[in-house]
J.: 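My structure is below; once you've seen it, I'll send some questions.
Throughout, a chain's letter reflects where its sequence line sits, starting with A, and its residues are numbered from 1.
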Protein chains: 2
Amino acid sequence: MPTINDVAKAAGVSPSTVSYVLSGRRPISAETRARVQAAIAELGFHPHAGARALASSKTNVIALVAPLRVDVNVPVIMQFATAVVTAARSFNHDVLLLTKDEGTAGLERVAHSTMVDALILMDLERDDLRIPALRKLKQPSVLIGLPADHTGIACVDLDFAAAARTALTHLAGHGHRRIGLVGPSPAVYRRQTTYADRFLSGFLEASAELDLRTVTHPCEPGAEGVRSALADLDAALDGITALVVHNEEALRPLLDLLQATGRRVPEDVAIVAICPRDVAMSMPVNLTSIDIPAHDVGTIAVETAMRLLDGRRVEYTRLLEPSLVERDSCREIPPSHR
Amino acid sequence: MPTINDVAKAAGVSPSTVSYVLSGRRPISAETRARVQAAIAELGFHPHAGARALASSKTNVIALVAPLRVDVNVPVIMQFATAVVTAARSFNHDVLLLTKDEGTAGLERVAHSTMVDALILMDLERDDLRIPALRKLKQPSVLIGLPADHTGIACVDLDFAAAARTALTHLAGHGHRRIGLVGPSPAVYRRQTTYADRFLSGFLEASAELDLRTVTHPCEPGAEGVRSALADLDAALDGITALVVHNEEALRPLLDLLQATGRRVPEDVAIVAICPRDVAMSMPVNLTSIDIPAHDVGTIAVETAMRLLDGRRVEYTRLLEPSLVERDSCREIPPSHR
DNA sequence: GCCCATCGTCGAAGCGCTTCGACGAACTTC
DNA sequence: GAAGTTCGTCGAAGCGCTTCGACGATGGGC
């Protein structure tokens, strides 16, 4: 492996000049620059990342802390990860992948040993124990999610409360007054994953504001979970005409179940799903849905981290506006039937 | 951030002694070691990764090159990734996540700049352009997959050819003579992803050896793809009594379709799936399946990388034996009906 | 009781880079 | 045309660690 000294010799300049060509931090004559670049290309020189990190206190690496549970929501997590890696590369950064189960210790390890410049975390819980640990780090962090006390830490996410409002407003606008929420699995609520909480609060508030009759129920994965959730919803509220589904895994079995029990979508029951666009469009009925903009969220998280590193201003709480796309799973209830 | 010098002063020893306490490369008296460790703990010292890499030429980081396409096979990819990260941590290594779409350049970038000690790649193609590039790197690499020319590079994977054999042998043993293969999507074959190739060859060979009547067909994702694949199979071979399904995404729509067209599983058509255990068990019918042991493969890949780094012997082609688990989707055909 | 080997520790060199201050040369500015 | 700028480059220090050689102190072998 050639070093910066080899390049310097080949180009007939000093090592510092090579460094300045690379970083652009000082003016270099066009002629010298050309000679240096030629030498770099010819020797196939790549600066040693460790040496660079040591001298400059910058690693050009960010940590991504992902929940590598395999149980739930895998495609969405993957979309976040893809977006983060791609965006990071566009800022000339690489991504170090950590798992959530290393907890606080993992964050401290990579931060204290200066392996990364910044951290991005996903799957935050309401009172996530990692938040206080993050505050103590010298590296900035960006959360994908919105825990209870996030003062001083940048957060990015879909505005799930607004999403719930949007879903109910849409349904109410189509004449639905009795609406059920099929929520995430009880495990998600138990962990107090922030999106579940926020969606539920938004749902309840909007329900009151719009004067709707609503019921909510978590939903275990699998056909059996869906069956029982739906049964509970029906038992709790007669004459449900619409369902809001905030649970990807439940969508398919729910549609199967509705079909099997002779309830047509959208004629007998309308559905608004909260899920990635492609999931909504791969169902037997094209679902009217509110997208989970994983790509945007991941990209913004990285951008925010970069601004933080540059000492630029950032919006500390960035909640993306939900956008509802109408497809084939909602229908206007004729006024006569309301 | 305290440095090794701070620790040395606090413990009343020289920096090199601290280093030897940390690495264990030279004998240190119990007493000194205790003093040093106390100082480390008290100051919260973590060695600077870059400095370490510079001095020792070891980063304790491995690269994982994953296909971050979101289209296909996401859960399996995630299982590999999880296994790799977890295994790497157990060897005190971290994982740098690269995407396949950076191609050769990405590999060279992280290798030449000494960001990683070794590389693990997944989703290899038959004549993968990255292989020659890998050979030129000073870091060892391990492939999850088995490209055509892999001389000198360690490979780990399920033995997909044997898996096909196992599936056919099982079905033949139950009296099935007319069997269809529902393969991966045409895109997978087009890319010549190695597992698809190997499965297909194994299938064809075993079919000949066992003197079976078989037909094979790729299968586009989605209900429509399944419908057309099945139609083509039926058209190509009368009286199919069993299907081998090497396509996770197809499983659910396939079962739906069979049910909708009144073909019972396993009474009218037997199914052997090649997919992760949990997928097989989350279907309306518990499927007899051959597991894709993503966890084992990922773990072995990391272990192999570690052995390579230690200069120990490794098995350069490690194909895991398939294991078929009988569940509810295959039934013996009564001899009278054969 | 002498010679060697081993143990436990230290000091210094060096890994490859960035960055600061310095300095001559070329340009402005009145 | 003297004083001050800016430009382009260099040399040296230093980032925090590992590792090699050295060296006094022990202990074993005979």
J.: Do A:Tyr20 side-chain and C:dC17 base share a donor-acceptor contact under 3.5 Å?
T.: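 No, the side chain and the base share no sub-3.5 Å donor-acceptor pair.
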J.: Report the distance from atom CD1 of B:Ile4 to atom C1' of C:dA12, rounded to the nearest whole Å.
T.: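 The distance from CD1 of B:Ile4 to C1' of C:dA12 comes to 14 Å, rounded to the nearest Å.
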J.: Which part of the nucleic acid, if any, lies within contact of A:Thr3, taking any heavy atom under 4.0 Å across all strands shown: a base, the sugar-phosphate backbone alone, or nothing?
T.: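 Sugar-phosphate contact only.
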J.: Determine the contact category for B:Ser56: base if any of its heavy atoms lies under 4.0 Å from a base atom, sugar-phosphate if only primed atoms, P, OP1 or OP2 are that close, otherwise nothing.
T.: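 Sugar-phosphate contact only - B:Ser56 comes under 4.0 Å of backbone atoms but never of a base.
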J.: With a non-hydrogen cut-off below 4.0 angstrom, is B:Pro47 in contact with a base, only sugar-phosphate, or nothing?
T.: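 Result for B:Pro47 = sugar-phosphate.
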J.: How many Å lie between CG on A:Leu54 and C1' on D:dA13, as a whole number?
T.: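 Taking CG of A:Leu54 and C1' of D:dA13, I get 13 Å after rounding.
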J.: Choose from D:dT18, D:dC7, C:dC17 the nucleotide whose nearest atom is closest to any side-chain atom of A:His48.
T.: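 Comparing D:dT18, D:dC7, C:dC17 against the side chain of A:His48, the answer is C:dC17.
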J.: Quick one: the side chain of A:Arg35 and the base of D:dG8, do they pair up donor-acceptor inside 3.5 Å?
T.: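 Not at all, since no donor on one side and acceptor on the other fall under 3.5 Å apart.
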J.: Of the nucleotides D:dT19, D:dC10, D:dG8, which one has an atom closest to the side chain of A:Ser14?
T.: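 Comparing D:dT19, D:dC10, D:dG8 against the side chain of A:Ser14, the answer is D:dC10.
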J.: May I ask you to verify whether the side chain of B:Arg26 and the base of D:dG21 hold a donor-acceptor pair under 3.5 Å?
T.: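 Present.
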J.: Would you say the base of D:dG8 and the side-chain of A:Thr32 have a donor-acceptor pair closer than 3.5 Å?
T.: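 Counting by modelled atom types and ignoring angles, no donor-acceptor contact under 3.5 Å is found here.
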J.: Can you tell me which nucleotide in C:dT18, C:dT9, C:dC15 comes closest to the side chain of B:Thr17?
T.: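 Nearest to the side-chain atoms of B:Thr17, counting from C-beta on, is C:dT9.
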J.: Report which part of the nucleic acid A:Ser29 touches: base, sugar-phosphate, or nothing (heavy-atom distance under 4.0 Å, all strands).
T.: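 It contacts sugar-phosphate atoms only.
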